[in-house]
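Data first, discussion second: the structure below is written as structure tokens.
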Amino acid sequence: MLALRIRVFGVQATASLFSSSSSSYSSSLTLHRKPPYFFNLSRRRPLSCSSSSVEQDPSIHVVTAPKCAKAPVPETVKFVKRALFVAPGVEPEEVREDMILPGSNIVLGPYAGHAQIKQVEFVKSSSKPKDCPKDDRPEFAILGRSNVGKSSLINALVRKKEVALTSKKPGKTQLINHFLVNRSWYIVDLPGYGFAKAPESARTDWSSFTKGYFLNRETLVAVLLLIDASIPTQKIDLDCANWLGRNNIPLTFVFTKCDKMKGGKGKRPDENIKDFQELIVKNYPEPPPWIMTSSVTGLGRDDLLLHMSQLRNYWDN
Ligand code: GDP
């Protein structure tokens, strides 16, 4: 069995939906659940780079988009501060600039492989975590605040309309939807959180329901936590990330709606992401992988699939 050490992010927890009775946690813990893969999240210095702006500020890393990039990465993304996520199988000193996925902090490694989705089929909706499929296929759970763009992202990933079936109405039965991809791995559509008008009881139900899934699902490779980059950082998203971090659940931040030129309070997505990064730096000394996406332009779609392929292939081996 693969040894796993996962750095868990020191956070200032804020109590609400995701608050936990567990009192303290270390910034570096050994994982007790089944180790899905080794996350090298050691704090990294940015790569050296020929740009003069980098020489002025070593925390700024300029990325050249690989030729395969389909959608343009906004110029401003170059100035988002990043600490790299070094993929399994890569030695930090081996990292080159062209190994970094555009609009992300993710370094591609040798486990990246077949990434395209050729076939997807809906398998089942489960009302309880224990009812989820019982085979050993790896899975990625997709999670986010209501209206974050989760259905749009899932549909963009699988290139089908209306694959994401999760009930969007608060108070309705919340379901865990499993979609089998290429007959080998699952995308799991989880109920959204943070309905502004949801009764307290519905929020609590979501909380225990989804927490049970995260804590007991042995085949969970990673959570894709969707964050709307067109609005300022939301406390409920930080609370969610904190809860996942405290419980050693690997996650990737997927920023949605990065095509929007102006976000809330006049900020652009890259500015909101930069703000988010600053919160990460403050609260998460070991930042998880993150990537910018747009379901409108296709930005980040193929790169996110590549990232998922390397996590999945490492998990499989
Ligand atoms: P969900 O509630 O998280 O499933 O969110 P939806 O996928 O239904 O999207 C919520 C709203 O955001 C809809 O009006 C979408 O058209 C819009 N939306 C979703 N993704 C994007 C995106 O990448 N860019 C833009 N501009 N709008 C988006």
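Sequential numbering from 1 along the given sequence is applied to the chain's residues. Atoms within each ligand, like the ligands themselves, are counted from 1 in listed order.
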For ligand 1, which atoms, with element, lie under 4.0 Å from some heavy atom of [X]?
| X | answer |
| --- | --- |
| Val296 | 22 (C), 23 (O), 24 (N), 25 (C), 26 (N) |
| Ser294 | 23 (O) |
| Asn147 | 1 (P), 2 (O), 3 (O), 5 (O), 10 (C), 11 (C) |

May I ask you to identify, for Lys260, whether its side chain, its backbone, both or neither come under 4.0 Å of ligand 1 on a heavy-atom basis?
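Contact part for Lys260 vs ligand 1: side chain (C-beta onward).
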
Cation over ring face, Arg137 and Trp185, 6.0 Å, 45°
no

Any nitrogen or oxygen of Ser151, side chain or backbone, less than 3.5 Å from one on ligand 1?
yes

Nearest to atom 22 (C) of ligand 1 by heavy atom, Thr293, Val148, Thr256, Asp259: which?
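Looking at heavy atoms only, the winner is Asp259.
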
Out of Ser152, Gly192, Ala156, Gly144, whose heavy atom sits nearest atom 6 (P) of ligand 1?
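Shortest heavy-atom distance from atom 6 (P) of ligand 1: Ser152.
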
Check: Asp259/Ser294 side-chain N/O donor and acceptor closer than 3.5 Å:
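On atom types as modelled, these side chains qualify, holding a pair under 3.5 Å.
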
Any donor-acceptor N or O pair under 3.5 Å, side chains Asp135, Tyr186
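Side chains of Asp135 and Tyr186: pair found under 3.5 Å.
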
Passing candidate, side chain to side chain contact (heavy atoms under 4.5 Å, CB included) with Tyr111, options Asn317, Asp316, Val90, Leu311
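It is Asn317; the other options fail the test.
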
Side-chain contact test, heavy atoms from C-beta onward, threshold under 4.5 Å: evaluate it for Phe214 versus Leu220 and give yes or no.
yes

Under a 4.5 Å cut-off applied to non-hydrogen side-chain atoms, are Leu224 and Phe253 in contact?
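Leu224 vs Phe253: side chains apart.
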
